[in-house]
S.K.: 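Quick one: the structure is below, questions incoming.
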Amino acid sequence: MRHLINALDLSVDDINQLITLAEAIIKDPEKYAKVCAGKILATCFYEPSTRTRLSFESAMIHLGGQVIGFSSEESSSASKGESVADTIRVISCYSDICAMRHPKEGAPLVASLHSSIPVINAGDGGHNHPTQTLTDLLTIKNLKGHLDHLTVGFCGDLKFGRTVHSLIGAMVRYPGVKFILISPEELKIPDYLRKDTLDANHIDYKEVNVLEDVLPELDLLYMTRVQRERFFNEEDYIRLKDSFILDRNKMKLAREDMLVLHPLPRVNEIATEIDDDPRAVYFKQVQYGVYIRMALIMTLLEVIPSC
């Protein structure tokens, strides 16, 4: 790997190796505490972020490296009209690796074409979020024990949700995975994802608009928020934002071993009353995000210590 722009850049073997390395970090974090000493991560975030930006920074600091960067377009030279290509050329002079979030699809790919350091896509518009996908896969693997033969429900904004798109693209490569897609008609998955990923790979899936009807079938429920920033019309956002809310009564319909994941931030699509339910693992998911990003940074910088 030179860059990570799309989760599909990774083979199943690549993913399994990253997960194995992350699991090794979990077991013995001290072994990896200085492997990035003298290395610098640049976090170039043109969009606001809490979890993704801070988890990258935490990951690099835990590896003994340092962090520079910016947290919004307004605090960078992009506000003066500087192109992504020029920005990454400059950043390459200051750092050893870059994590970039951008509201425009394809911006991290453009950056990778002009960069002399590895570029990690930390989310580009409604397109891709590969490190969240790796976080999700590590969470599932650790808590379920496997990534195959699972029935996965995706609920909420499936049209604009880049985390959903990336995770579906990754999980179709594992045998026996079935998807149940739960959303309002207006927020169904994009046609390209249905045709090029699900249908093309002969994946078992169905699309529904009532969460309660399918909860008993699920091994995993992946909740997403309806994102205000992806709507052009405020009235449409207000009408759809409360379409699906997971609460204690709905959880009574789910299996005892079903896991609830969420890429966060949540608004009100998951009631706080279920935070103490052992099946609610979205805050554990956040911690797994640090470990998998540590594994990715080490892999791209080629600083994995020998056994």
Side-chain angles (χ1 to χ4, degrees), residues 4-12 14-16 18-19 22 51-52 55 101 105 108 120-144 146-183 187-190 192-201 203-207 214 218-227 230 244 246 258-266 269-270 281-282 284-286 288-289 291-293 295-296:
L4 178 59
I5 305 302
N6 189 315
L8 296 181
D9 294 343
L10 303 173
S11 68
V12 171
D14 291 332
I15 291 171
N16 291 341
L18 285 167
I19 288 175
R51 275 146 297 278
T52 304
S55 67
R101 168 166 289 186
E105 287 87 349
I120 302 170
N121 180 3
D124 60 333
H127 191 215
N128 261 294
H129 198 346
T131 61
Q132 181 64 51
T133 300
L134 291 172
T135 297
D136 299 337
L137 293 173
L138 176 62
T139 304
I140 296 166
K141 170 64 165 52
N142 265 253
L143 299 180
K144 277 292 185 183
H146 56 93
L147 291 166
D148 55 0
H149 296 91
L150 294 167
T151 298
V152 185
F154 290 96
C155 182
D157 179 0
L158 309 189
K159 181 177 181 179
F160 299 105
R162 59 191 170 199
T163 58
V164 171
H165 303 168
S166 289
L167 187 54
I168 288 175
M171 292 201 75
V172 296
R173 295 183 287 178
Y174 292 88
V177 174
K178 174 182 178 181
F179 299 118
I180 300 181
L181 308 171
I182 312 147
S183 71
L187 295 177
K188 293 171 70 173
I189 62 167
Y192 82 85
L193 190 63
R194 185 182 297 104
K195 178 181 177 181
D196 297 341
T197 301
L198 297 175
D199 293 339
N201 289 285
I203 301 301
D204 187 359
Y205 73 96
K206 63 181 177 181
E207 298 180 87
V214 296
L218 303 179
D219 297 302
L220 302 165
L221 174 60
Y222 197 97
M223 295 293 295
T224 65
R225 68 186 172 95
V226 176
Q227 303 173 80
R230 305 300 176 202
F244 299 92
L246 184 65
M258 184 194 79
L259 300 180
V260 181
L261 285 77
H262 192 306
L264 302 177
R266 68 171 165 188
E269 62 277 4
I270 298 179
V281 298
Y282 28 87
K284 289 182 180 179
Q285 199 175 344
V286 172
Y288 284 125
Y291 299 131
I292 200 69
R293 290 180 175 100
L296 179 61

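All values derive from a computational prediction rather than experimental measurement. FYI, side chains are in, hydrogens and waters are out, and symmetry mates aren't considered; it's all heavy atoms of this structure. Along the sequence shown, residues carry numbers from 1.
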S.K.: Check I203 against T197 and note the closest heavy-atom contact, atom names and distance.
M.R.: CG1-O, 4.2 Å
S.K.: For Y205 and I168, what are the C-alpha separation, side-chain angles and deciding distance, and is it a side-chain contact (heavy atoms from CB on, under 4.5 Å)?
M.R.: CA-CA 11 Å; Y205 73 96; I168 288 175; over 6 Å; no
S.K.: Using side-chain heavy atoms (C-beta onward) and a distance below 4.5 Å, is T131 in contact with I292?
M.R.: no
S.K.: What is the minimum heavy-atom distance between N201 and D196, and which atoms define it?
M.R.: ND2-O, 4.1 Å
S.K.: Below 30° counts as parallel, above 60° as perpendicular, anything between as tilted: where do the rings of Y222 and F154 land?
M.R.: tilted
S.K.: Give me the atom names and distance for the closest heavy-atom approach of L137 to A170.
M.R.: CD1-CB, 4.1 Å
S.K.: Can you tell me if R101 and H129 form a side-chain donor-acceptor pair at under 3.5 Å?
M.R.: yes
S.K.: Tell me, do P265 and R51 make a side-chain contact under 4.5 Å, heavy atoms counted?
M.R.: yes
S.K.: If I compare all heavy atoms of L147 with all of Y174, which pair ends up nearest, and what's the gap?
M.R.: O-CB, 3.5 Å
S.K.: Output the distance between atom OG1 (T224) and atom CG (L264), rounded to the nearest 0.5 Å.
M.R.: 11.5 Å
S.K.: State the CG-OG1 distance between L158 and T163, to the nearest 0.5 angstrom.
M.R.: 9.5 Å
S.K.: Specify the closest pair of heavy atoms between A22 and A295, including all atoms of both residues, with the distance to one decimal.
M.R.: N-CB, 3.9 Å
S.K.: Are the side chain of D219 and the backbone N or O of T151 linked by a donor-acceptor pair below 3.5 Å?
M.R.: yes
S.K.: Grab the two heavy atoms, one from M171 and one from F179, that are nearest each other, plus how far apart they are.
M.R.: CB-CZ, 3.9 Å
S.K.: Say you draw a straight line from CG of L220 to CD1 of I140; how long is it, rounded to the nearest 0.5 Å?
M.R.: 5.0 Å
S.K.: Nearest 0.5 angstrom please: K284 NZ to L261 CG, how far?
M.R.: 11.0 Å
S.K.: Kindly compute the distance separating CD (E207) from NZ (K188), expressed to the nearest 0.5 Å.
M.R.: 4.5 Å
S.K.: Could you walk me through whether D136 and T133 pass side-chain hydrogen bond (donor to acceptor under 3.5 Å, both in side chains), step by step?
M.R.: CA-CA 5 Å; D136 299 337; T133 300; 5.2 Å; no
S.K.: Working to the nearest 0.5 Å, report the span between CG of L259 and CD of Q285.
M.R.: 10.0 Å
